[in-house]
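Take a look at the structure below.
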Amino acid sequence: MQRHLITSAIPYINGIKHLGNLIGSQLPADLYARFQRARGNEVLFLCATDEHGTPAELAAAKAGKPVAEYCAEMHAVQARIADGFGLSFDHFGRSSSPQNHTLTQHFAGRLADAGLISEVSEKQVYSNADGRYLPDRYIEGTCPNCAYDKARGDQCENCTKQLDPTDLIEPRSAISGSTDLEVRETKHLYLRQSALKDDLDAWIDSKKDWPVLTTSIAKKWLHDGDGLQDRGITRDLDWGIPVRRGDADWPGMEGKVFYVWFDAPIEYIACAGEWADAQDGANWERWWRTDKGADDVRYTQFMGKDNVPFHTLSFPATILGSGEPWKMVDHLKSFNYLNYDGGQFSTSQGRGIFMDQALELLPADYWRWWLLSNCPETSDSEFTWELFQQGVNKDLADVLGNFVSRVTKFCRSKFGEAVPSGGSYGPREDALIADLDARVARYMAMMEAMEVRKSAQELRAIWAAGNEYLQAAAPWSTIKEDTDTAAMQIRLGLNLIGLYAVLSSPFIPGASKQMADALGMADIPWPSDIRIAVEAIDAGHEFSVPENLFAKISDEDRAGWEARFAGIRS
RNA sequence: GGCGCGGUAGCUCAGUUGGUUAGAGCGAUCGACUCAUAAUCGAUAGGUCGGGAGUUCAAGUCUCCCCCACGCCA
C-alpha cells in the first residue's frame, strides 16, 4: 500500500473563492486524493485557510468585526462550501491555529541558529490616525511625475513610474485617508534565501518529471538578474504570528509578526498536527518527518502558477534551512488560469462565478466534471456558459446518465427490478471486456500521472463504450427470439453501471453514489480485473431505477445565467 | 521595453526523443436504431499545423527573424 500526502494551496480568508480558484488547486487535488483512496492507498489530504496579512485586516474592518472573529466566521463559510463541492479534506485547518504559531516560531528559531536570518533596518511609513505601519500599496498620493492623484506608494499606475512612498505629494493613508503620516525606522528579519541558492538549484534539477511550467518559473527566480533574493519575513502588524525565536523572546522584534508568506506554507505541516489533535492524538509525524516514518510517503502539492515560486523556493528554503528531516515535496502540480467569458475571474472585482453561487445553480458534480475535464493544465482555458452547457449535457446527461436510464428501465420493463439470469458472455462481450481492460489501464495511468484532462477523456470513452455495446448487442431486438441472451446482455449493462460508479467516483462522487445505491451496492472495490468486475453483480440481485442522474441545462437556463453573471457581484 | 507561456480543423484541445496519408471530443451533414433524458450508434466533410528563411533523406516537432494573444516584471 502506498502512502500519499496531498496538499492543496491554501485559499485566502477574505471572501468566497471563485471557480478559477477552485480548479486551480483544490479540485484537482481532491480528484487525486479520491483516486488514491479508492485504490486502497493510505491518504492524508490537507487544506486550510490562509488567514494572516493586511487584506484580512482590511476585510474584517470593512465587515465591522474584530479580525479574529471575522476569520473564524469566514473559515466556517469556506469549510461549508468546500464540503458542498465534495472536497474530501482529511482536515481543513487554519493558518492561525496554535499549532502553526508554535511551528512557525520553531522554524524561525532553527533558521536563526543556522545563521540564515539577518536583521535589516528599514524606513516605513507610520500612520498615526490608523495606529499602524502602512505597506507601500496602502499609501496614496499625487504622482510627482505625472500628477496622477491616486498613485500608490510603490508605483504610479498612470505613468508606471516606480516610486518610494516619500516621493508622493500629499501622501495619505489608503485605509483612512488620513494625512497624519510619519516615516519611522524599523527593524525586520530577512530569510537569507541567497545562501541556499545552490542547494535549491540542485534540488530543482533533481526533479526531472516536473512540468515545464513549474521548473521554468523556479529557474527564472533562481537565475534572473542577481539571482535569488533574500526575503523579508516579518511585518509591523497586529494580526499574525508573533515573532519569537522558538519558544524564546526575540529582542528587538517585540510587537511584530511573521509575514503571511512565511507562515502560510508551514501550515501544511501544522495542519497535520491539527488533524492529529482532532483525531484524538493520531501520529502526524509519520507523514512529515522522514526520521519518524515518512520515508515511504509520496508528497504531492497542487497549486496555481502564481504560487509556484513560494513552493519551489521559499518554503523549501525554510525546510532545508532548518536542518531537520522534514519531508520535501515529491511532485508539484501547477495549473494555469481559467478565464471567464473572455476576461479573467476576479475576486476583487466580483467578476465570474463564485463557489457559493455555483452550488445554488447546480449540484457539485456538474461543476466538478466540467471544470476537471476542461482543466487549465497546459495553458489558460476558457469558461463560457455555452461550453459549460454543451459539456454537461453531452457527457453527463446523454452519455452517462442516459446509459443508466436505458439499461435500468429496459430491465425493469422486461425482467423486473432484479438482475436477470440466463445466457453467458460470448465474443461480443469478450471484445468489450478487452476494450475496457485497455481503457481502464490507460485511465489509471493518466490519473496516476495527474493528467486531469486526459483522464476525463478516457473516462468518457469508457462510458461511451457501454452505449456502443448496447447499440451493437441490441437487447430490445434480441429479446424477441432469445430471452436468455437478452438477459445476459442487460446483466452486463447493469454490471457496467457498477463499474462506472467506482471508476467515476473521483470525478463525480455524488452521481457515483447514486449509481451504487441504485444497484444496492454499498462498497464497490476498485476493479483489478475487468472480467471479474463485470460479473460482480449476480443474477437475482435486486436494484432500483434511479431518477435521471443529470438534468440537462436548457437554453433558457443558460441564457438566464449568462445574463445574471454578466456583471459584477454586488 | 525585458522576460515567460502559447498561436494545430467552425469551437475546446492532443500531438513522446524530428519519420508512413496531422488526431480526439463537441458542432455540422448523411445514414442506422427505437431500450433510453428527441437520447444512442455509424459514416462523411473540414486544417498549406501564425508568417518567412534555414538545417536534414525527412519538421507541427530543431535554429533564426517577424507577426498576434495572454501573463509577469521593471
Side-chain angles (χ1 to χ4, degrees), chain A residues 20 154-157 159-163 208-209 211-221 223-226 229 304-309 334-339 342-344 369-371 373-415 439 442 445-446 449 451-461 463-480 486 489-490 493-494 497 511 545-554:
Chain A
D154 51 350
Q155 182 180 34
C156 173
E157 285 181 335
C159 68
T160 73
K161 185 177 170 60
Q162 296 173 70
L163 303 169
K208 300 294 182 199
D209 59 339
V212 186
L213 180 68
T214 302
T215 49
S216 69
I217 292 174
K219 283 289 180 182
K220 190 191 167 215
W221 281 56
H223 300 297
D224 214 32
D226 299 330
Q229 299 298 299
K305 60 183 172 186
D306 53 327
N307 275 338
V308 169
S334 59
F335 296 89
N336 286 283
Y337 295 142
L338 180 71
N339 290 321
Q344 292 186 328
W369 172 255
W370 192 89
L371 290 168
S373 62
N374 292 277
C375 187
E377 285 179 298
T378 52
S379 63
D380 290 356
S381 66
E382 174 91 1
F383 177 96
T384 68
W385 286 99
E386 190 180 356
L387 287 169
F388 177 65
Q389 179 195 26
Q390 278 179 2
V392 163
N393 286 358
K394 191 69 190 174
D395 298 346
L396 295 182
D398 294 347
V399 176
L400 177 61
N402 183 51
F403 177 78
V404 173
S405 287
R406 63 196 299 207
V407 170
T408 54
K409 288 181 181 173
F410 181 81
C411 188
R412 179 174 62 185
S413 73
K414 305 298 181 187
F415 299 100
R439 288 192 182 284
R442 269 202 296 277
M446 288 300 114
E451 291 279 358
V452 179
R453 290 177 89 124
K454 289 179 181 172
S455 297
Q457 211 173 348
E458 199 56 57
L459 180 59
R460 205 202 102 102
W463 296 339
N467 282 316
E468 291 166 25
Y469 168 77
L470 224 52
Q471 201 66 29
W476 50 90
S477 301
T478 314
I479 198 166
K480 289 171 187 164
Q489 291 167 341
I490 216 64
L494 289 164
I497 296 174
V545 176
E547 290 302 307
N548 284 345
L549 288 180
F550 300 99
K552 290 204 198 193
I553 298 169
S554 69

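Below, chains carry the letters A, B, ... as their sequence lines are ordered, and counting in each starts from 1. Basis for what follows: all heavy atoms, side chains included, without hydrogens, waters or symmetry-related copies. Being a predicted model, the structure only gives us computed values, none of them experimental.
Distance, A:Asn467 CG to B:A38 C1': 15 Å, rounded to whole Å. Residue A:Arg439 contributes atom CZ, which lies 12 Å from atom P of B:A24 at whole-angstrom precision. Taking atom CG on A:Leu400 and atom P on B:C41, their separation rounds to 12 Å, with Å as the unit. Distance A:Asn336 CG to B:G6 C1': 9 Å, rounded to the nearest Å.
A:Trp369 places a side-chain heavy atom less than 4.5 Å from the side chain of A:Leu459.
Side chain of A:Ser405, nearest nucleotide from B:U12, B:U37, B:G25: B:U37. Residue A:Arg453 has its side chain nearest to B:U12 when only B:U12, B:U37, B:C33 are considered. The nucleotide whose nearest atom lies closest to any side-chain atom of A:Gln457 is, among B:A39, B:C11, B:A24, B:A24.
Under 4.0 angstrom from either OP1 or OP2 of B:G15 there lies at least one side-chain N or O belonging to A:Lys454. Side-chain N/O atoms of A:Arg406 include none lying less than 4.0 angstrom from OP1 or OP2 on B:U34. Here A:Lys394 reaches the OP1 or OP2 of B:U40: one of its side-chain N or O atoms lies under 4.0 Å away. Regarding contacts with the backbone of B:C72, every side-chain N or O of A:Lys305 stays at 4.0 angstrom or more from both OP1 and OP2. One finds no side-chain N or O of A:Gln344 lying less than 4.0 angstrom from the OP1 or OP2 phosphate oxygen of B:C70.
B:G10 shows a glycosidic angle more than 90° from 0 and is accordingly assigned anti.
A:Phe550 comes within contact range of at least one nucleobase, with a heavy-atom separation under 4.0 Å. The residue A:Ala464 sits close only to the backbone: its heavy atoms come under 4.0 Å of sugar-phosphate atoms, none of a base. Within the nucleic acid shown, A:Thr408 has no heavy atom closer than 4.0 Å to any nucleic acid atom.
For the residue pair A:Ser334 and A:Asn307, no side-chain donor N or O sits within less than 3.5 Å of a side-chain acceptor on the partner.
If you find the closest nucleotide of RNA chain B to A:Leu470 and to A:Val399, the one lying nearer the 5' end belongs to A:Leu470.
Residue ring and base: A:Trp476 counts as stacked with B:C35 (centre distance below 5.5 Å, interplanar angle below 30°).
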Q: Could you summarise the pairing of RNA chain B as dot-bracket text, marking Watson-Crick and G-U pairs under 3.5 Å with ( ) or [ ] inside the strand and | across strands?
A: ((((.((..((((.....[...)))).(((((.......))))).....(((((..]....))))))).)))).
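A donor-acceptor pair under 3.5 Å links the side-chain atoms of A:Ser381 to the main chain of A:Asn374, judged by distance alone.
Note on A:Arg453 versus A:Glu377: no salt bridge recorded, every NZ/NE/NH1/NH2 to OD/OE distance being 4.0 Å or above.
For B:A36, the base has a donor-acceptor partner in the side chain of A:Asn402 [N/O atoms by modelled type, under 3.5 angstrom].
Among A:Phe383, A:Phe550, A:Trp385, the one residue that satisfies the ring pair (Phe, Tyr, Trp, His ring centres under 6.0 Å) test with A:Trp370 is A:Phe383.
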